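Scroll down for the structure; my scribbles are underneath it.
In what follows, every chain begins at residue 1, and chains take the letters A, B, ... in the order their sequences are listed. Just so it is clear, the model here is predicted, and its values are computed rather than measured.
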Amino acid sequence: MSLFGLIGRATCVTLFVAALGASQAAALEKVTVATEADFPPFNKTEADGSFSGFEIDLGKAICQRAQLDCTWVKQDFSGMIPALQAKKYDFIFSYMSINDDRSKVGLFSIPYITDQFRFYGPKGAAVTLPGGLDGKNVGVLAGSTGERFVKEKWGNKVEVRSYENLDQVNADLEAGRIDFGFNAQLPVSVFLASPAGAGFDWVGPAYSDPILGRGAGAMFRKDETALRDKVDAAIRSVYADGTFKAIAARYFKPGVDVSAEPLWK
Amino acid sequence: MDLSILAFGSGWGNALARGLFVTLALAAASVVLGTGLGLVGALVATSRFRIAAVIVGGYEVVMRSVPELLVIFAVYYGFSFALQPFLQMVGIEGFVAINAFWSGVLAIGMVHGSYCSEVFRGAFLAVPAGPLEAARALGLRPFPVFIAVKLPLALRFALPGLINLVVVTLKATPLVAAVGLQDLLRVAGDAGKNTKQYLTFYLVALAIYLVLAVLIWVVESRIERRASRFLGA
Amino acid sequence: MIEAFASLGPYVPLLMEGAGTTLLLFVLTLPIGLLIALPFAFARNASLPVLRGVGHGFVLLFRGAPLLVILFLVYYGLPQVPGIRQSAIWFLLRDPFPVALVALSLNSAGFQTHIIAGALRNVPANEIEAARAAGFSRMQLLRFIIVPHAIRLGIRSFGNEAVFVLKGTAVVSFITVRDLMSAANQVYFRTFEPVPPLLVAALVYLVIVLAVSRIVRRVELRLTPELRMTRSRREMPQAAR
């Protein structure tokens, strides 16, 4: 195998020239999809370099339904939208919450999943939120809606620490460097259920807010209406025939409702 | 400490090897590009074209002053947009997307080049006048004099400095992980995440980088010894 | 393009705060690094092989290891050492800013050791002998001959190292320190336009580097009269070469 063949394999991407208005592929349209691959149970990187998780399974089902030949690439969450605009990939399928700010610069599919955001911290810390936040350190994900929300609501009371991924937030919570984390509940529950998370629990209520978004959707560049419509149709289809439920059942406990259908209208 | 997590096959050994390969490929490609850029930069900067020399000199000062991380981000997010007007000028209605690997090569290569240029400039100045005059006296034209006499001699002076810069550039490669490249450090971080053994994996990464640096320095000191023997210094 | 820069308006305080943190890290790292470097530099030149080995190892570690690896190792690796959170040094490792300062200072100390040890070695032996013959004490020798000479020999490398330290500070954004680089990132998280804040940040770094080079050049001129000579000679018409 040639050196550059290997590099291409190792990085999953190659330098390419995509002519504008590329010819409509006859059979399967080739597209590149971005995942953080660092946000279990939605997405994660395995030791062999492959990606796994709820969104990867769901995304594959949607690609198949939409007649898309999808190649997945890894991209840190904080740089995801600029990289979309710089055409590193065709769309984002990586728990991107749909809110007004983001809708100004890109195009969203209908939401395919929904989750609420919540604080978590040491067990029995006996804090009442939001009053108990004064002077505390809160760990959030850089570039996330959660970061924006905490800064906007309590920015003058708390010190917001922005991390590249959730595991770093949890590691620093364990090390006692931060007092709370603030994030979507499902990925946090993975941590809370793990041995490392034994000493931690939810703090205060779950939040819904326009800043936090109305569910998560696939995100496209502004001019990619056709691709968006295909993916929209595919999302409706995997919801309609029970595929969505089946995949969700593999990753979430019974009784956890992640369906975004009520948000469609 | 359970070392089976480092095993090949079942553990993270394969992933680390893949990461190391990406790191080496990135460093090698950046060094090749940067050395080429540096040579051209030094030639322009020492040429009679004053305006070009000033522009190249200014560009190199910027490249040496701005953090590599910032250059990487700028290339990754901005390069394609910066390139578009030029492409349109030559009639290409398209968009050149550049991936994390080649963004890294371009960014680190440009920084590497600006340091190489300094080394080359010093080396050109160090070439003694004697051999050049001898070559001219033999009737050689300026270009052959440069290719056959000045450049080989200058390379001997430049080599130790150039090789030392390889270490500098190798050390800059982990920054490309910031735009998602799965290099050695990035894989070590992923492994740390999955196994909760950050300490083990960052120590392994540190050891590998140190071994690579030491290997390069050994080559450097060998070459330095040989070069000084030939130069009689 | 101009609109993109105009849209940075509301974020000027954020960027200035980041620039302040970057400057603070920069001005603290150099002297702390110097303090750490001095004993290692003397060890590096000592006659005792063990001491020389220690000095050599220290230089090798920090000249060979990527700063980002050191930073991650200290920030995310060290808390996993059993008992470290109860130990006396945890106060240095607890918050991101001190960790950044520790990692940057150690890294710079490695390079400064290399520079100082090299400069000390290259002080001309005949001058030292002459001073000894003239009856200088060890302290006098150090104070009047070795140190001034070594500073002169090392000042340019030290200036280069200062630039490397400044450039190195950009990695602290990876451990949640809100420096200039991270402020630029924060701006694009809000505006979704990465290039304008990056260019502004680049400009700030450039201005700091140019200021530092100017200071180093001043010090160099003051310490080495012969450079001033060449400069004035260069300004004269070049009659003979």
Side-chain angles (χ1 to χ4, degrees), chain B residues 1 23 58 61-79 81-82 111 115 118 164 167-178 183-186 188-189 192-193 196-217, chain C residues 1 22 57 60-82 84 107 160 163-174 179-182 184-185 188 192-213:
Chain B
M1 195 160 64
T23 290
V61 166
V62 172
M63 280 298 147
R64 287 196 296 263
S65 304
V66 171
E68 285 88 348
L69 186 59
L70 203 155
V71 181
I72 292 167
F73 280 138
V75 169
Y76 186 68
Y77 295 123
F79 174 76
F81 295 106
V111 176
Y115 287 110
E118 259 190 337
N164 194 42
V167 180
V168 175
T169 287
L170 175 71
K171 288 171 54 178
T173 57
L175 298 170
V176 187
D183 74 327
L184 176 59
L185 181 63
R186 183 68 185 237
K193 240 167 271 161
K196 308 292 163 203
Q197 297 284 331
Y198 284 107
L199 184 63
T200 311
F201 284 102
Y202 284 140
L203 279 175
V204 168
L206 176 69
I208 297 175
Y209 282 110
L210 283 181
V211 168
L212 292 176
V214 169
L215 285 178
I216 297 169
W217 282 326
Chain C
M1 201 66 182
T22 292
L60 191 141
L61 175 61
F62 291 106
R63 281 185 74 213
L67 178 55
L68 196 54
V69 177
I70 302 278
L71 192 71
F72 280 165
L73 189 62
V74 174
Y75 192 77
Y76 290 112
L78 283 189
Q80 299 194 326
V81 174
I84 198 162
N107 188 64
N160 290 341
V163 175
F164 274 108
V165 167
L166 178 71
K167 290 169 64 167
T169 59
V171 303
V172 303
S173 53
F174 285 110
D179 72 327
L180 180 55
M181 190 73 223
S182 114
N185 286 339
Y188 86 67
F192 302 107
E193 287 272 6
V195 176
L198 285 177
L199 287 183
V200 168
L203 198 66
V204 176
Y205 283 111
L206 188 63
V207 167
I208 301 176
V209 168
L210 293 180
V212 169
S213 345

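- Residue contact with chain B, scored on non-hydrogen atoms closer than 4.5 Å, is absent for Leu203(C).
- The candidate with the highest count of non-hydrogen atom pairs below 4.5 Å against chain B, out of Leu166(C), Val171(C), Leu67(C), Leu61(C), is Leu61(C).
- Interface check for chain C: of the options Pro67(B), Ala172(B), Ala177(B), Gly192(B), the most heavy-atom pairs under 4.5 Å are formed by Pro67(B).
- Contact of Asn160(C) with chain B is not made at all, since no heavy-atom distance falls under 4.5 Å.
- Both the backbone and the side chain of Val61(B) come within less than 4.5 Å of a heavy atom of chain C.
- Taking the salt bridge (Lys or Arg N to Asp or Glu O under 4.0 Å) definition, one finds that Arg64(B) meets it with Glu118(B), sequence neighbours left out.
- A donor-acceptor distance shorter than 3.5 angstrom exists from the side chain of Gln80(C) to the backbone of Lys196(B), with no hydrogens or angles considered.
- Proximity of a side-chain donor or acceptor of Thr22(C) to a complementary backbone N or O of Leu180(C) within less than 3.5 Å is detected.
- Partners of Lys193(B) under the salt bridge (Lys or Arg N to Asp or Glu O under 4.0 Å) rule, at least two apart in sequence or in another chain, are Asp38(A), Asp190(B).
- Residue-level contacts of residues 204-211 of chain B with chain C, in order of numbering, are Leu206(B), Tyr209(B), Leu210(B); threshold 4.5 Å between heavy atoms.
- If you tally non-hydrogen atom pairs under 4.5 Å between each of Ser173(C), Ala170(C), Pro194(C), Ala65(C) and chain B, the highest count goes to Ala65(C).
- The shortest heavy-atom contact between Pro174(B) and Leu185(B) is CB-CD2, 3.6 Å.
- Side-chain rings of Phe174(C) and Tyr75(C) stay apart, their centers remaining 6.0 Å or farther from each other.
- Contacts between Val75(B) and chain C at a heavy-atom distance below 4.5 Å are absent for every atom of the residue.
- Between Phe164(C) and Tyr115(B), the distance from one ring center to the other falls under 6.0 angstrom.
- Of all the listed residues (Leu184(B), Leu203(B), Leu212(B), Thr173(B)), the one sharing the greatest number of non-hydrogen pairs under 4.5 Å with chain C is Leu203(B).
- The distance from the CG atom of Leu60(C) to the CH2 atom of Trp217(B) is 5.0 Å, given to the nearest 0.5 Å.
- Each of Val71(B), Leu70(B), Val111(B) was scored for a side chain to side chain contact (heavy atoms under 4.5 Å, CB included) with Lys167(C), with one residue passing: Val111(B).
- Residues passing the ring-ring contact (aromatic ring centres under 6.0 Å, His included) test with Tyr76(B), sequence neighbours excluded: none.
- Counting heavy-atom pairs closer than 4.5 Å to chain C, the top-ranked of the candidates Leu69(B), Val62(B), Val167(B), Leu170(B) is Leu69(B).
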